[in-house]
Amino acid sequence: MKNIYVTSPLLPPLEEFVPYLEQIWQNKYLTNAGPFHAQLEQALAEYLGVKHLSLFSNGTMALLTAFQTLRLKGEVITTPYSFVATSHSLLWNGLTPVFADIDPHTFNMDPASIEALITENTSAIMPVHCYGIPCDVDKIQRIADTYGLKVIYDAAHAFGVKQNGSSILNCGDLSILSFHATKVFNTIEGGAIICPDARTKQRIDYLKNFGFADETTVIAPGINAKMNEVQAAFGLLQLQHIDGALAARRTIYERYCTHLNNITGITFYSETAHFEWNHAYYPVLLDDAYPLSRDALYEALKEENIYSRRYFYPLISSFSMYRHLPSARPEHLPVANQLAERILCLPIYPDLGEEEQMRIIDVIRRYAAKTDSPTADARHVA
Ligand SMILES: *Cc1c(COP(=O)(O)O)cnc(C)c1O
């Protein structure tokens, strides 16, 4: 039986990539703001509907550089319900993470929990658009404006997500994308910072290239975080396939919703009309009414060669380098702790076939209470 992983990279046909490589071999431009790099920055800014975008070697380097760009100090309020790179980027910058609890419906930082955490040392808020679901950007901006804080969105999951017809990446001071192989859009490894003005982009571009402003001028202790030409070319090709990939994700999302509807003890995230989602993940929450625990279902799927993931368990706040922080105490983060114990992300990626997806759904239904899913019974009888 074929293994099914939680995700599988979007890979355009190999023969379509060859001409790009031939061009790189011809002009011998391998990295350092080459022609494909310039083309991809422009193409992505247009596709996403953002003003300025700077490419990076990966999303974590983009996060690290974002804090250098804004010269932040002190404490940054963030979410424990994310991938570790979110908080690690603070520690690498000598900043202190302060964890806020999350909203049980959106999985995102709860704006109501932010204000009580603000001190005279707070310099910024770093929310995550978890699973590509938009944060409450208006409320977060109002708090930031009231207290004079910067807002940096870890938008690693939010490629192509729009709200009121505009990219969610236009919110806050900076947004960071990841183009890792596991993400909706990938450049194998890669990432970007989105910023609102040319001056900020200039500073970001210096910082990702050791701080060089020209041959003899170094304006800051920058780093090497440049995207190379092979990555950029891969991104340009990938961009030609992204609309098909997003449409395929939607189909898979809808199939799950149809077949997991009415299973007692399972809730999934239902799309609402107020934004355009990218269906980056398929998170389901299990409660006590489902006969198996979250971990038991995770293991049951594994026995069928289906590798779901418990994103985000364990919480960042529970790792050894964070758990001493006062804001990391579990009683301080009740919702995040509860969701971390109940969440399971099911496989979703463009070439997940219908038969494979039904294998996943069948396992979940097999253990469901006998009164559930009359359609499933009918299908099995037939
Ligand atoms: C993937 C991811 C990152 C890290 O991006 P890389 O490109 O892998 O360095 C950061 N934050 C979140 C929320 C992510 O999912």
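Quick caveat: nothing in here was measured; it's all calculated off a predicted structure. As the structure lists them, so they are numbered: ligands from 1, and atoms in each ligand from 1. These values consider heavy atoms only, across backbone and side chains, with no hydrogens, waters or symmetry-generated copies. Residue indices begin at 1 and follow the sequence shown.
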State whether the shortest distance between N or O atoms of Leu63 and N or O atoms of ligand 1 falls below 3.5 angstrom. no
Non-neighbouring partners of Phe56 that pass ring pair (Phe, Tyr, Trp, His ring centres under 6.0 Å), sequence neighbours left out: none
Looking at Arg359 and Glu355, does any basic side-chain N land under 4.0 Å from a carboxylate oxygen? no
Under-4.0 Å salt bridge between Arg342 and Asp288: yes
Among all protein heavy atoms in this structure, tell me which lies nearest to [atom], with the distance rounded to 0.1 Å.
{"atom": "atom 11 (N) of ligand 1", "result": "Asp154 OD2, 2.8 Å"}
{"atom": "atom 3 (C) of ligand 1", "result": "Phe83 CD2, 3.7 Å"}
{"atom": "atom 9 (O) of ligand 1", "result": "Thr60 OG1, 2.6 Å"}
{"atom": "atom 1 (C) of ligand 1", "result": "Lys183 NZ, 1.7 Å"}
{"atom": "atom 12 (C) of ligand 1", "result": "Ala156 CB, 3.4 Å"}
{"atom": "atom 5 (O) of ligand 1", "result": "Ser178 OG, 3.2 Å"}

Is the closest side-chain heavy-atom distance between Ile316 and Phe99 below 4.5 Å? yes
Quick one: closest heavy-atom pair of Tyr322 and Pro97, and the distance? CE2-CG, 3.8 Å
Where ligand 1 meets Thr86 - atom numbers and elements under 4.0 angstrom, heavy-atom basis: 11 (N), 13 (C)
Interfacing atoms of ligand 1 (cut-off 4.0 Å, heavy-atom, Ser82): 13 (C)
Which of parallel (below 30°), tilted (30 to 60°) and perpendicular (above 60°) describes Tyr131 and Phe107? perpendicular
Can you tell me which portion of His157 lies within the under-4.0 Å heavy-atom range of ligand 1? Options are side chain, backbone, both, or neither. side chain
Mark the output for Gly191 as yes if a heavy-atom distance to ligand 1 is under 4.0 Å, and as no if none is. no
Are any of the heavy atoms in Gly190 under 4.0 Å away from ligand 1? yes
Clusters formed by hydrophobic residues whose side-chain heavy atoms approach within less than 4.5 Å: which one holds Val218, and what are its other members? Phe210, Phe212
Is the Phe36-Tyr20 ring centre distance short of 6.0 angstrom? yes
